[in-house]
There are 2 protein chains.
Amino acid sequence: VTFELNPQLEADTFLVRDWPFCRVLLMNDTSFAWLILVPREVGLRDFHDVAPKDETNFLGEINQAARRLKVMTGADKMNVAALGNMVPQLHIHIIARFESDAAWPGPVWGAFPAIPYEDQVAKDFIEAFNGFEN
Amino acid sequence: VTFELNPQLEADTFLVRDWPFCRVLLMNDTSFAWLILVPREVGLRDFHDVAPKDETNFLGEINQAARRLKVMTGADKMNVAALGNMVPQLHIHIIARFESDAAWPGPVWGAFPAIPYEDQVAKDFIEAFNGFEN
């Protein structure tokens, strides 16, 4: 059985890149700088389902994504969360938060309808993320 | 400088125990089986602030808490999240979610006012958690 991205995640995001353990996605919502990491393993659902052999990559990729996004955006706070109440495939939200953002200090999920990117803006964001050295 | 628990976390929780890296707290809200893990290090704010030397303990303790809580409660899904928009001290929410719970499938934060435990019920919960072998 090979990895397939959940159709809802596919519909809601742009592909950023594949890292050794996770697929990196950009949420198609200009309201927040919002990445989603999806382990490319079949059958993972909860955060604690990641196998011990994969934990170093898993945590390393979460931290790398959060650090890049924080430096790129100058965020006040990073939100990191594995919820999965709606989409069962394990996925980790990494969201740059600002004291000035529309949902602050509440959570972003369900706060507002997504405002989609113009394609070029999403491409520029992805290029900046992928070109980032740190 | 020694570790001190943030006063808001102190006010909102019961002490469950100290693990090697984190303090384990029970959120004083009977609406959800809800633990909070607080690394006992000074100055941590974001999830990615945990030092590489502590990552194994950090992830291991999150997973251990989530597994115990899932087995104890029979939860449909575990939510794991580091938000910290209101309380700056790094803390990880670990929440047992049910398709039948009041906030499902939305997030629990800010959904409802907390309904405090009766002391004995909280004590029983903590004893069960601490006595759990897995």
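Letters go in sequence order (proteins before strands), and every chain restarts at 1.
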**Prompt:** Is it true that B:L90 and B:L59 fall in one hydrophobic cluster, defined by side-chain heavy atoms closer than 4.5 Å?
**Reply:** yes
**Message:** If I measure from the heavy atoms of chain B, does A:L83 come under 4.5 Å with its side chain, its backbone, both, or neither?
**Reply:** both
**Message:** Heavy-atom cut-off 4.5 Å, strictly under: side chain, backbone, both or neither for A:I94 against chain B?
**Reply:** neither
**Message:** So which residue, A:P52, A:A82, A:A81, ends up with the most heavy-atom pairs under 4.5 Å with chain B?
**Reply:** A:A82
**Message:** Quick check: is A:F32 connected to A:V80 through a chain of hydrophobic side chains (ILVMFWY, heavy atoms under 4.5 Å apart)?
**Reply:** no
**Message:** With clusters defined by side-chain heavy atoms of hydrophobic residues (ILVMFWY) lying less than 4.5 Å apart, directly or transitively, does A:I126 cluster with A:L69?
**Reply:** yes
**Same apolar cluster: A:L35 and A:I92, side chain cutoff 4.5 Å** = yes
Enumerate, by atom name, each donor-acceptor pair separated by under 3.5 Å where one atom lies in chain B and the other in chain A.
residue : atom : partner : partner atom : Å
B:R45   : O    : A:K77   : NZ           : 3.3
B:R45   : NH1  : A:D76   : O            : 3.0
B:D46   : OD1  : A:K77   : NZ           : 2.7
B:D46   : OD1  : A:M78   : N            : 3.0
B:D46   : OD2  : A:K70   : NZ           : 2.5
B:H48   : O    : A:R67   : NH2          : 3.0
B:E55   : OE2  : A:N63   : ND2          : 3.2
B:N63   : ND2  : A:E55   : OE2          : 3.3
B:R67   : NH2  : A:H48   : O            : 3.0
B:K70   : NZ   : A:D46   : OD2          : 2.5
B:D76   : O    : A:R45   : NH1          : 3.0
B:K77   : NZ   : A:R45   : O            : 3.3
B:K77   : NZ   : A:D46   : OD1          : 2.7
B:K77   : NZ   : A:L83   : O            : 3.1
B:M78   : N    : A:D46   : OD1          : 3.0
B:N79   : OD1  : A:N85   : ND2          : 3.4
B:N79   : ND2  : A:L83   : O            : 3.2
B:N79   : ND2  : A:N85   : OD1          : 2.8
B:V80   : N    : A:A82   : O            : 2.9
B:V80   : O    : A:A82   : N            : 2.7
B:A82   : N    : A:V80   : O            : 2.7
B:A82   : O    : A:V80   : N            : 2.9
B:L83   : O    : A:K77   : NZ           : 3.1
B:L83   : O    : A:N79   : ND2          : 3.2
B:N85   : OD1  : A:N79   : ND2          : 2.9
B:N85   : ND2  : A:N79   : OD1          : 3.4
B:N85   : ND2  : A:P105  : O            : 3.2
B:P105  : O    : A:N85   : ND2          : 3.2

**Asked** So if you build clusters from Ile, Leu, Val, Met, Phe, Trp, Tyr with side-chain heavy-atom gaps below 4.5 Å, do B:V50 and A:V71 land together?
**Response** yes
**Request:** Let me know if B:I62 has heavy atoms under 4.5 Å from chain A in its side chain, its backbone, both or neither.
**Result:** side chain
**Fill in**
side chain to side chain contact (heavy atoms under 4.5 Å, CB included) filter on B:M86, not counting sequence neighbours, yields A:P105
**Side-chain cluster (under 4.5 Å, hydrophobic types only) that A:F98 belongs to, other residues** = none
**All pairs passing ring-ring contact (aromatic ring centres under 6.0 Å, His included) where residues 58-88 of chain A contributes a residue, at least two apart** = A:F21-A:F58, A:F47-A:F58
